[in-house]
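Reading through the C-alpha cells given below for one structure.
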Amino acid sequence: MIQLELSYKTSVIGLRQYLDTTNDWMLQLVNRHEHSKKLHSILKESDHFCQELNVNTETDNLLTPTENARKTKKMAKNAGLKQLESRWQDKPLHGQFATRANIADVDKSATHQWLSSSGLKGETEGFILAAQDQSLFTRNFQANILHNGADPSCRFCDDKIETIDHLVSGCPILAPGEYTNRHNRVGQYLHWKICQRFNIETKTPNWYEHHPDPVTEGDKCTILWDFPIHTDRTIQANRPDIVVKDKQNKTCLLIDMSIPSDRNVSAKVFEKLSKYKDLEIEIQKMWHLKTTTVPVVVGALGIIKKGTQQFLDKIPGNPSLSEIQKIVLNSTAHILRRTLSI
C-alpha cells in the first residue's frame with residue numbers, strides 16, 4: 001500500500017527541486033514567492049523532510065528539471081522506505097518476521113513473492129501478514145500486550161507459551177493432525193507433478209484431489225510414497241516422504257519435506273541432508289542407482305532459504321516454489337483460524 005505521509009514528503013521534495021531548476025518564468029515567480037514566505041513554504045518543508053529522510057538534493061545539469069525532480073523523489077522514497085523497514089525491524093514483537101527475513105541465508109525475493117504472485121485471497125493475505133507481525137489474538141498477546149490477566153499457556157498442550165510460532169509449528173497436540181495435513185498437501189502436489197512428468201495417469205486432473213498410492217509404477221520410474229525401505233544394515237531413517245527411482249537415468253531421489261518455524265528453516269535443511277546420508281549409501285549399494293537427498297523446506301509463515309529453488313530443480317516435473325509456498329501459507333492460515341476460534 002502507498003504510504004500517504006511518505007508520498008506527501010517525496011512530492012514536496014520533488015516539487016521544490018523542480019521549482020529550483022525550472023526555466024519557466026511564471027514558476028520562477030512562484031519559487032520567489034515561496035522563498036519569501038515565513039511559514040508553510042515548500043522551501044522550509046522540503047528542507048525539513050530532506051533532513052528527516054537524510055536526503056541530499058543535488059542538481060544534475062545534464063538532466064531536465066523534470067528528470068531532476070523525479071530522481072530526487074526516487075531517492076527520497078527509497079530513503080523513507082528504508083527508515084520504515086528499520087523501524088519495523090526494531091519492534092521487539094512486530095519486527096520478528098522482518099528480522100528473520102533479513103538474515104543472510106534467506107532468499108528475500110522468494111520469501112516475499114507470494115504478495116504479488118500467489119493468487120491468495122486478500123483476506124488470507126491480510127491474515128498471514130497479521131500472523132507475521134504477531135498481531136493475532138493468541139493467549140500470549142492477551143497476557144503480555146493487552147494485559148487482561150489471561151493465562152499465556154497454550155490452550156491445547158498447556159505446556160508452552162501460546163505464541164504464533166508455537167501454534168503454527170510447535171504444539172505437540174496439533175502435530176498429528178493439523179501439521180501432518182499441511183505436510184501431506186505439499187507432498188500431494190509434488191507427487192502429482194512427478195506423475196505428470198513421467199506420463200503416469202492420475203485419477204484427477206487437480207493436484208489437491210490427488211491421493212498418492214504407496215507404490216506407483218510407471219514405464220520409466222517407480223514412485224514410493226511414505227514407504228519404508230528395507231536395507232541390509234538397520235537404518236532408523238529409512239522412510240523419506242517420496243522416493244523416485246528413475247529407471248532410465250539410473251538415479252534415485254529421496255524427497256523429504258518439512259514446514260518448521262521460520263527460525264528453524266536452515267537447521268531443518270541441514271537435518272534432512274544428514275538424516276538420509278546412510279540411506280543414500282545403502283540404496284546405492286543395493287539398487288546401483290546414483291542417490292540424492294532433496295529437502296523441501298518452507299517456513300510455516302513463508303520464509304524460504306537460499307538454494308531451495310536449486311533443490312526443487314532436481315525434482316522431475318518442475319514443481320513451482322511459489323505454488324508450494326502458497327499451499328503452506330493457505331494451510332497455516334487454516335490452522336490459525338481453527339485454533340484461535342476454539
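Just so we're clear, the structure is a prediction, and the values are computed from it rather than from any experiment. The chain is numbered in sequence order, starting from 1.
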* Residue pair Asp60, Asn68: steps toward the side-chain hydrogen bond (donor to acceptor under 3.5 Å, both in side chains) verdict -> CA-CA 7 Å; Asp60 188 339; Asn68 265 312; over 6 Å; no

* To do: Apply side-chain hydrogen bond (donor to acceptor under 3.5 Å, both in side chains) to the pair Asp47 and Gln51, showing each step before the final yes or no.
  => CA-CA 6 Å; Asp47 287 342; Gln51 185 176 2; over 6 Å; no

* To do: Show the numbers, then the answer: is there a side-chain hydrogen bond (donor to acceptor under 3.5 Å, both in side chains) between Asp246 and Gln248?
  => CA-CA 6 Å; Asp246 190 333; Gln248 191 173 27; over 6 Å; no

* Residues Asp226, Arg239; criterion salt bridge (charged side-chain N to carboxylate O under 4.0 Å, His left out); working and verdict -> CA-CA 6 Å; Asp226 194 24; Arg239 196 169 189 150; 3.1 Å; yes

* Should Ser322 and Ser320 be marked as a side-chain hydrogen bond (donor to acceptor under 3.5 Å, both in side chains) after you check the CA-CA gap, both sets of side-chain angles, and the distance that decides it? -> CA-CA 5 Å; Ser322 61; Ser320 166; 2.9 Å; yes

* salt bridge (charged side-chain N to carboxylate O under 4.0 Å, His left out) assessment of Glu271 paired with Lys268 -> CA-CA 5 Å; Glu271 179 189 310; Lys268 273 294 177 184; 3.3 Å; yes

* To do: Determine, stepwise, if the pair Lys73 / Arg70 fulfils side chain to side chain contact (heavy atoms under 4.5 Å, CB included).
  => CA-CA 5 Å; Lys73 280 183 69 176; Arg70 285 176 180 165; 5.7 Å; no

* To do: Could you give me the CA-CA distance, side-chain angles and deciding distance for Asp20 and Arg16, then say whether salt bridge (charged side-chain N to carboxylate O under 4.0 Å, His left out) is met?
  => CA-CA 6 Å; Asp20 281 349; Arg16 189 269 173 88; 2.5 Å; yes

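In terms of modelled atom types and a separation under 3.5 Å, the side chain of Ser274 and the main chain of Phe270 share a donor-acceptor contact. Checked by atom type and distance alone, the side chain of Thr22 never pairs as donor or acceptor with a backbone atom of Tyr18 at under 3.5 Å. No donor-acceptor distance shorter than 3.5 angstrom exists from the side chain of Ser86 to the backbone of Lys82, with no hydrogens or angles considered. Using a distance-only test at 3.5 Å, with no hydrogens or angles considered, no donor-acceptor pair links the side chain of Asn31 to the main chain of Leu27. For Glu67 (side chain) and Thr64 (main-chain N/O), a donor-acceptor pair under 3.5 Å exists by modelled atom type. Between the side chain of Thr180 and the backbone N or O of Pro176 there is at least one donor-acceptor pair closer than 3.5 Å. Under a 3.5 Å cut-off, the side chain of Gln325 and the backbone N or O of Ala110 do form a donor-acceptor pair. No donor-acceptor distance shorter than 3.5 angstrom exists from the side chain of Asn264 to the backbone of Ala267, with no hydrogens or angles considered. In this structure, the side chain of Tyr179 engages the main chain of Cys171 through a donor-acceptor pair within 3.5 Å. At least one donor-acceptor pair under 3.5 Å links the side chain of Lys306 to the backbone N or O of Ala104.
For Phe127, the ring pair (Phe, Tyr, Trp, His ring centres under 6.0 Å) criterion is met by no residue, not counting sequence neighbours. Among residues two or more places apart in sequence or in another chain, the side-chain contact (heavy atoms from CB on, under 4.5 Å) test is passed with Glu85 by Gln89, Asn102. Here Ser261 pairs with nothing under the side chain to side chain donor-acceptor pair (under 3.5 Å) rule; sequence neighbours left out. In this structure Lys160 satisfies the side chain to side chain donor-acceptor pair (under 3.5 Å) test with no other residue, sequence neighbours excluded. Residues satisfying the side chain to side chain donor-acceptor pair (under 3.5 Å) criterion with Lys272, sequence neighbours excluded, are Asp256. Partners of Arg338 according to the salt bridge (charged side-chain N to carboxylate O under 4.0 Å, His left out) rule, which considers only residues two or more places apart in sequence or in another chain, are Glu178. A search for salt bridge (charged side-chain N to carboxylate O under 4.0 Å, His left out) contacts involving Glu52 returns Lys9, not counting sequence neighbours. Among residues two or more places apart in sequence or in another chain, the side chain to side chain donor-acceptor pair (under 3.5 Å) test is passed with Gln284 by none.
When side chains are defined from C-beta on, Gln96 counts as touching Leu93, because their heavy atoms get closer than 4.5 Å. Counting heavy atoms from C-beta on, the side chains of Thr222 and Thr216 never come closer than 4.5 Å. For the pair Cys221/Phe198, a side-chain contact is recorded, criterion being any heavy-atom separation below 4.5 Å from C-beta on. In this structure the side chain of Leu190 reaches within 4.5 angstrom of the side chain of Ile324, judged on heavy atoms. Residues Asp107 and Thr308 are not in side-chain contact: their nearest non-hydrogen atoms beyond the backbone lie 4.5 Å or more apart. For the pair Lys290/Cys252, no side-chain contact is recorded, criterion being any heavy-atom separation below 4.5 Å from C-beta on. No side-chain heavy atom of Ile327 sits less than 4.5 Å from a side-chain heavy atom of Tyr208. Two residues are said to be in side-chain contact when any heavy atoms from C-beta on lie closer than 4.5 Å; His191 and Trp207 fail this criterion.
The other members of the hydrophobic cluster of Trp25, by chain and number, are Met26, Leu29 (side-chain heavy atoms under 4.5 Å, ILVMFWY only).
With rounding to the nearest 0.5 Å, the separation of NE2 in His211 from NZ in Lys203 is 9.0 Å. Atom-to-atom distance recorded for Thr66:OG1 and Lys71:NZ is 14.5 Å, nearest 0.5 angstrom. Separating the CD1 atom in Ile164 from the CG atom in Asp262 is a distance of 11.5 Å, to the nearest 0.5 Å. In this structure, Thr234 OG1 and Asp278 CG are separated by 11.5 Å, a value rounded to the nearest 0.5 Å.
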What pairs of donor and acceptor atoms, side-chain ones from residues 291-298 against any protein atom, are under 3.5 angstrom apart with sequence neighbours left out?
unit_1, atom_1, unit_2, atom_2, d
Thr291, OG1, Leu289, O, 3.0
Thr293, OG1, Glu280, OE2, 2.5

Return all side-chain donor-acceptor pairs below 3.5 angstrom for residues 128-139, not counting sequence neighbours, or 'none' if the list is empty.
unit_1, atom_1, unit_2, atom_2, d
Gln132, NE2, Leu301, O, 3.0
Asp133, OD1, Trp88, NE1, 3.3
Ser135, OG, His94, ND1, 3.4
Ser135, OG, Asp133, O, 3.3
Thr138, OG1, Phe141, N, 3.2
Thr138, OG1, Glu162, O, 3.4

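Placement of Trp192 and Leu253 within a single hydrophobic cluster is found when ILVMFWY residues are connected by side-chain heavy-atom separations under 4.5 Å, directly or transitively. Both Ile342 and Ile173 are part of a single hydrophobic cluster, where members link through side-chain heavy atoms under 4.5 Å apart.
Screening residues 286-314 for ring pair (Phe, Tyr, Trp, His ring centres under 6.0 Å) gives no qualifying pairs among residues at least two apart or on separate chains.
Between Glu34 and the choices Lys38, Arg32, Lys37, the salt bridge (Lys or Arg N to Asp or Glu O under 4.0 Å) rule is met once, by Lys37.
In this structure, Lys247 pairs ionically with Glu217, as a charged nitrogen and a carboxylate oxygen lie closer than 4.0 Å. Asp165 has a carboxylate O that lies under 4.0 Å from a charged side-chain N of Arg263, or vice versa, which qualifies the two as a salt bridge.
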